[in-house]
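All values below were derived from every heavy atom in this structure, side-chain atoms included, with hydrogens, water molecules and symmetry-related copies excluded. Both counts, for ligands and for their atoms, begin at 1 and track the order of listing.
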Amino acid sequence: MKRYRLSVCKGPTCKAGGADAVYATAREALTEQGQVPRCELYRGGCYGFCHMGPNVVVREETGRKRDPLSPEDYQLMGWDGEVYYSEMTPEKMRRVVAEHIAQDAPVQALFGQPDTPAPDDD
Ligand code: FES
């Protein structure tokens, strides 16, 4: 059985966009769906895709040795099993827990595109 680490961005823009509610929903959904033993919940960020937030990163736990600088807490690493979800809402978070975590089925429809340029301000 796979294990995961799910990080909800704690940066200011994602917070302003509702990241705290997304985090609270993740905690609730993991408990309700009995997934707490399989998924560590964490606050990461800022990942630098603020305009795409609230951002969530899910990674498979592979027993990888932890870098003391924890670069994975504020950037995408391109690791196998790493999935970036953008524009998250509590409803989307429930779906990610129900499918990605509980069924090992990443939710492709919600995948973010980190290379999308920020919209112009003018
Ligand atoms: S505040 Fe979340 S990516 Fe920057």
With the threshold set at 4.0 Å, does a side-chain nitrogen-carboxylate oxygen contact exist between K10 and D73?
->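 Salt bridge between K10 and D73, a charged N being under 4.0 Å from a carboxylate O: no.
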
Salt bridge check: are K15 and D20 linked by an N-O gap of less than 4.0 Å?
-> yes

Examine R38 relative to Y4 and say whether NZ or CZ is less than 6.0 Å from the centre of the six-membered ring and inside a 45° cone about the ring axis.
->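 No, a cation-pi geometry is absent between R38 and Y4.
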
Test ring-ring contact (aromatic ring centres under 6.0 Å, His included) on Y84 and Y47 and set out the steps.
-> CA-CA 10 Å; Y84 161 56; Y47 295 100; 7.5 Å; no

Carboxylate-amine/guanidinium contact E60 R5, below 4.0 Å = no

Can you tell me which residues line ligand 1 if we count any heavy atom under 4.0 angstrom from one of its atoms, in chain and number order?
-> C9, G11, P12, T13, C14, C46, Y47, G48, F49, C50, N55

Please say whether more than 12 non-hydrogen atoms of neighbouring residues, nucleotides or ligands are located less than 6.0 Å from CG in D80.
-> no

